[in-house]
Number of protein chains: 2
Amino acid sequence: MPTENLLYLRVADDLRRQIVNGELTAGSRLPSRAQLAEQFHVSENVVRRAIDVLMAEGLIETRTGARPTVRQRPQLRRLTRSWYREQREGSPFRADIKAQGHEADWTCESKTTTAPPTIAERLRIAADAPVMRTDYVFTSDGEPVMMSTSHEPLELTRGTPVMLPERGPYAGQGVRDRMSAIGQRIVTATEVVTARPVTQNESAALNVSAGTMVMVIQRTYWTDERPVETANIVVPVDRYELLYVIPVEGD
Amino acid sequence: MPTENLLYLRVADDLRRQIVNGELTAGSRLPSRAQLAEQFHVSENVVRRAIDVLMAEGLIETRTGARPTVRQRPQLRRLTRSWYREQREGSPFRADIKAQGHEADWTCESKTTTAPPTIAERLRIAADAPVMRTDYVFTSDGEPVMMSTSHEPLELTRGTPVMLPERGPYAGQGVRDRMSAIGQRIVTATEVVTARPVTQNESAALNVSAGTMVMVIQRTYWTDERPVETANIVVPVDRYELLYVIPVEGD
DNA sequence: TCGAATTTGTGCGTATGTATC
DNA sequence: GGATACATACGCACAAATTCG
């Protein structure tokens, strides 16, 4: 169906065209529903459905009482998910953000708890085994942009200087350096990437509107023998793209 | 807001609970709008919005004239996006799918064209330089599950036996082996992962409902000197998760 | 096979609450 | 505080597709 004959889709198409063409600049306001209805000679209801479509596409934002605003297309920032042929030191997140000309920082909170089943499986430890759980919220230029929840088996770190990830001599230096300090040499990371709608908690913490999507990276760090850390990293799809550099082996 | 006081969200929550609890089994039908409206003591319009929410979440499917059907939760299949410590031969896609106990196949169509700007940039060739474009639709157990669009510079392959990716002695063997046959030794792949709503074309080709999300992998194969192939790989988020295995180098 | 009942998708009108300006 | 505008909620009508006797 090249030409759309449904009213609300026709309206949505026209408005979308104006947005991507720049006739409606980022940050500007759309006409009100009543104005659009008169303009397109349709009912307000049709306009509302068209607005819903554009909102689902992430092109506009709506707030009750205010006319819809054209979202400024945030430039995608790139997260490099690879150490291949790079000499990376300290926190990968900070290095990535600084490389793109922004200020990076984070807050975190650690507590000991017991491993939930999915985490236990990923760490290959018994369910309910003691773990150190650390919740991070990462900020770029002061705005929260990413969050993650990390789990480390306490059987590895208990009683060592690195038990608390963000305290002590190795604070803020990343998992690899911390684990290295207690003789755990990380040689591999696995990352399982999925995408899903944002949860209420995440939408509040990351200041993104409900219904938008996030990518979830289930990252696990491995020594030659065992997994030593695993984390769920949550990134809004409209803020980040992920870059993987993959060595291709074989003749 | 722990308890939701909006009518349509209350209805959606109740129906969602019934689905995930298994009270509404996969493949079964929901009651009709009128029945649900009476059941919940709300208007049909509220039920409609609740249905919209569940559809956006991918929990149900609707067809005009038929009651909404509960989608059978497709088990996520895993795409391995790495050659690290694996000896992979031929098509990575087929190997992955077969390893998970399914039949894999694909259809494709090649044509010569000129490089659009984004592709030209990724291949580091002039815009409008001649390229071989190949569109793939991958099937698993006969169902379309993934699609991709590949571009190769014709300056590399013109006049060689591998010019047409799916014809000749190297048909179906994957980019690495084909390029190897003409002396292009691929040593690195880069993949940029993003997620966005499915387009109309994709939703028709992949048989997924409109409004659902896909992950897009922008993959580029590199020799030591230059990019030799780039592809946009489109995978629905509710069918696949991506697995990256990353060697961690250093000290 | 056919036709009638059912059900969804679309479209219209209106009212109320609430946030914005 | 008042005017504006969106979010939610109610009602109804019709076309198209499905379902089923």
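Numbers restart at 1 for each chain; the letters A, B, ... are given by sequence-line order, proteins then strands.
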*Contact boundaries on DNA chain D for chain A, cut-off under 4.0 Å to non-hydrogen atoms*: D:dA5 to D:dA9
*Taking DNA chain C as the partner, which of residues 41-50 of chain A come within under 4.0 angstrom of it by heavy atom?*
A:S43, A:N45, A:V46, A:R49
*Please report, rounded to the nearest Å, how far the P atom of C:dT8 is from the CG atom of B:L30.*
9 Å
*What are the two closest heavy atoms between A:A26 and A:R71, and how far apart are they?*
CB-O, 4.1 Å
*Which ones in residues 54-70 of chain B lie close to DNA chain D, meaning a heavy atom under 4.0 Å from one of its atoms?*
B:R63, B:T64, B:G65, B:A66
*Residue list, salt bridge (charged side-chain N to carboxylate O under 4.0 Å, His left out) with A:R133, at least two apart or on another chain*: A:D135
*Nearest whole angstrom, please: distance from the C1' of C:dG11 to the CG of A:D52.*
14 Å
*Quick one: pull up OG in B:S43 and CG in B:L7 and give me the separation to the nearest 0.5 Å.*
8.0 Å
Per-pair distances, 0.1 Å, donor-acceptor, side chain in residues 104-115 of chain B, under 3.5 Å, sequence neighbours excluded:
{"residue": "B:W106", "atom": "NE1", "partner": "B:E166", "partner atom": "OE1", "Å": "3.4"}
{"residue": "B:S110", "atom": "OG", "partner": "B:T134", "partner atom": "OG1", "Å": "2.9"}

*asked:* For A:R63, give me all partners under salt bridge (charged side-chain N to carboxylate O under 4.0 Å, His left out), at least two apart in sequence or on another chain.
replied: none
_Counterpart residues, side-chain hydrogen bond (donor to acceptor under 3.5 Å, both in side chains), relative to A:T194 (two or more places apart)_ = none
_Salt bridge or not between A:D13 and A:R16? Use side-chain N to carboxylate O under 4.0 Å._
yes
*At what angle, to 10 degrees, do the two end axes of the helix from C:dC2-D:dG21 to C:dC21-D:dG2 meet, given five pairs define each axis?*
10°
*For B:Q39, what residues pass the side chain to side chain contact (heavy atoms under 4.5 Å, CB included) criterion, not counting sequence neighbours?*
B:P31, B:L36
*What integer distance in Å separates B:R33:CZ from C:dG9:P?*
7 Å
*Applying salt bridge (charged side-chain N to carboxylate O under 4.0 Å, His left out), which residue pairs with at least one partner in residues 191-209 of chain B are found, sequence neighbours left out?*
B:R81-B:E191, B:R196-B:E202
*asked:* Could you work out, with salt bridge (charged side-chain N to carboxylate O under 4.0 Å, His left out) as the rule, every residue matching A:R48, not counting sequence neighbours?
replied: none
*State, to 0.1 Å, how close B:E229 and B:A231 come at their nearest heavy-atom pair, and which atoms those are.*
OE2-CB, 3.8 Å
*If only side-chain N and O atoms of A:Y8 are considered, is one of them under 4.0 Å from the OP1 or OP2 phosphate oxygen of C:dG11?*
no
*Rounded to whole angstroms, how far apart are CG on A:L7 and P on C:dG13?*
12 Å
*Residues which pass salt bridge (charged side-chain N to carboxylate O under 4.0 Å, His left out) with B:R33, listed by chain and number, not counting sequence neighbours*: B:E44
*Do B:L79 and B:M146 have side chains that get closer than 4.5 Å, going by heavy atoms?*
yes
